[in-house]
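Please read the structure below before turning to the comments.
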Protein chains: 2
Amino acid sequence: MFPSAAPSQDHIQARYEAMLNALRRADYRLTPQRMAVCHYLAETRSHPTPSEIFHAVKEQFPTISRATVYNTVTVLKELGEIIELPAGGGTGVRYETDITPHVNLTCTRCGRIYDVSLDNLEDILKQINERTDFQLTNFHIEGYGLCPNCQTSNS
Amino acid sequence: MFPSAAPSQDHIQARYEAMLNALRRADYRLTPQRMAVCHYLAETRSHPTPSEIFHAVKEQFPTISRATVYNTVTVLKELGEIIELPAGGGTGVRYETDITPHVNLTCTRCGRIYDVSLDNLEDILKQINERTDFQLTNFHIEGYGLCPNCQTSNS
DNA sequence: CAATCTATTTAGAATCAGTATAATATCAGA
DNA sequence: TCTGATATTATACTGATTCTAAATAGATTG
């Protein structure tokens, strides 16, 4: 069950293109820095923090600044291409890069986040649309508890 | 639909007792400061930040320190009595104090959080328990989009 | 009750995340 | 190429969160 399989090359490419298209549609320039951030977000399954994104992209772009990373993820978040999650322990945020409806199981002890897919999630979307005037772009589900590891460890 | 009705006195009392019991069960002392934090969390529907909790409790406890607030919410979070949410705009965290399964609709423009209840949420719980080895304490659903207000305003 | 041990609180310092600013660079279009 | 708008960068700044050491309060034991 855990952990999720690494995304296929096709899937990475599709997510990457989707992010670029979202930026294009909203009239943002496709700068090399933004493209690098998008590419990293498309290929990772690690729910990265802004700092992790910064260091990863720095490998290709030694001059990139944190501000550019923050700008880019803020835009992508507003466009609904990524989702902001609490990182646990109040230490900033993480980003969910898989926006297909699924469940994040967060371990309240070690903070790790696991992905699980469920059936019939469209039904939730339908109910929200019926009951509210919200213009929904995406949604996801978070579960909290102890992961298999932390259930047995006692520290 | 919006906003949620204020919680009844009975409901406040029940939530308050539940938090105190959780602390007791986990062998934490019921200090006056912790009790005051719990009481505020039980009576609010505002998804407060640590700072808001601090100022609210300070009214009754002028000497309380921020560290005590942070300690208490961290414990309550580990016990599953409250849920940490990203506050939007990267400005720290907020806490969901209503742990009955429901939906938080977060407006990606103004950052406000709305509560909505849905049917058949037990089914999600069942699916998670069937498919994973997680020991789940609670879960909730987050939706993202534009609230009715922000759909019409253009700034 | 006194002595002791541990958990908790407090104030303040330190750290870290995130934002704002101003100068520079890049890009698109005339 | 020139011009204007947008984006990036480095750095300074603000505010959120954590850490630390000392003081306090509660529980426990003799």
Side-chain angles (χ1 to χ4, degrees), chain A residues 19-20 22-40 47-79 82-95 108 111, chain B residues 19-20 22-40 47-79 82 84-95 108-109 111:
Chain A
M19 291 184 197
L20 298 192
L23 290 172
R24 262 189 282 260
R25 269 197 307 277
D27 279 329
Y28 288 100
R29 287 190 193 158
L30 296 188
T31 67
Q33 291 90 335
R34 279 177 184 158
M35 290 167 78
V37 169
C38 289
H39 196 270
Y40 175 71
H47 306 97
T49 62
S51 209
E52 284 161 9
I53 300 167
F54 171 70
H55 289 296
V57 176
K58 207 179 172 65
E59 306 269 306
Q60 317 291 328
F61 268 87
T63 70
I64 199 171
S65 86
R66 283 171 190 277
T68 299
V69 172
Y70 278 105
N71 283 340
T72 306
V73 293
T74 298
V75 168
L76 289 172
K77 190 182 61 177
E78 279 169 6
L79 297 176
I82 58 176
I83 294 173
E84 189 176 316
L85 307 173
T91 53
V93 299
R94 293 189 170 276
Y95 290 99
T108 52
Chain B
M19 291 184 198
L20 299 192
L23 290 172
R24 262 190 281 261
R25 268 197 307 277
D27 279 329
Y28 288 100
R29 288 187 191 158
L30 297 188
T31 66
Q33 291 91 335
R34 279 178 183 157
M35 291 167 76
V37 169
C38 289
H39 197 269
Y40 174 71
H47 307 97
T49 62
S51 209
E52 284 162 10
I53 300 168
F54 171 70
H55 288 296
V57 175
K58 209 179 170 65
E59 307 270 305
Q60 318 292 327
F61 268 87
T63 71
I64 199 171
S65 86
R66 283 171 189 277
T68 298
V69 173
Y70 278 103
N71 284 339
T72 305
V73 294
T74 298
V75 168
L76 289 172
K77 190 182 60 176
E78 279 170 5
L79 297 176
I82 58 177
E84 189 176 317
L85 307 173
T91 53
V93 298
R94 294 190 169 276
Y95 289 99
T108 51
R109 180 168 294 172

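All values reported here derive from a predicted model rather than from experimental measurement. We name chains A, B, ... by the order of the sequence lines, and we start the count at 1 in each one. Atom set for the values below is all heavy atoms of this structure, side chains included, hydrogens, waters and symmetry mates excluded.
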Quiz item: Between D:dG4 atom C1' and A:Arg29 atom CZ, what is the distance in whole Å?
Solution: 10 Å
Quiz item: How do B:Ala67 and B:Pro32 order along DNA chain D: which one's closest nucleotide is nearer the 5' end?
Solution: B:Ala67
Quiz item: CG of A:Asp27 versus P of D:dA7: gap in Å, rounded?
Solution: 10 Å
Quiz item: Where each residue is assigned the nucleotide of DNA chain C containing its nearest heavy atom, which of B:Phe61 and A:Pro50 is assigned the position nearer the 5′ end?
Solution: B:Phe61
Quiz item: CZ of A:Arg66 versus C1' of C:dC16: gap in Å, rounded?
Solution: 9 Å
Practice problem: Round to the nearest Å and state the distance from A:Met35 atom CE to D:dT6 atom P. | Solution: 20 Å
Quiz item: In whole Å, what is the span from the OH atom of A:Tyr70 to the C1' atom of D:dT8?
Solution: 16 Å
Exercise. Count the heavy atoms belonging to other residues, nucleotides or ligands that lie under 6.0 Å from OH of A:Tyr28, then report whether that count exceeds 12.
Key: no
Quiz item: Under 4.0 angstrom, heavy atoms only, what part of the nucleic acid is B:Thr63 near: base, sugar-phosphate, or nothing?
Solution: sugar-phosphate
Self-check item: Spatial distance of atom CG (A:Asn71) from atom OG1 (A:Thr31) [nearest 0.5 Å]
Solution: 10.0 Å
Self-check item: From A:Leu20 atom CG to A:Arg34 atom CZ, the distance as rounded to the nearest 0.5 Å
Solution: 11.5 Å
Self-check item: Any B:Thr31 side-chain N or O less than 4.0 Å from OP1/OP2 of C:dT8
Solution: no
Quiz item: Over how many whole Å does the gap from B:Tyr28 atom OH to C:dT8 atom C1' extend?
Solution: 12 Å
Quiz prompt | Pairing of A:Arg94 and A:Glu84 as salt bridge, 4.0 angstrom limit | solution = no
Quiz prompt | Phosphate-side-chain proximity, B:Gln33 and D:dA25, N/O vs OP1/OP2 below 4.0 Å | solution = no
Practice problem: Figure out the CZ/C1' separation between B:Phe54 and C:dT10, and round it to whole Å. | Solution: 11 Å
Quiz item: Just to confirm, is there a sub-4.0 Å distance from OP1 or OP2 of D:dT9 to any side-chain nitrogen or oxygen of A:Thr68?
Solution: yes
Quiz item: Does a donor on one side chain sit under 3.5 Å from an acceptor on the other, for B:Ser51 and B:Arg66?
Solution: yes
Self-check item: Separation of D:dT18 P from B:Asn71 CG (nearest whole Å)
Solution: 9 Å
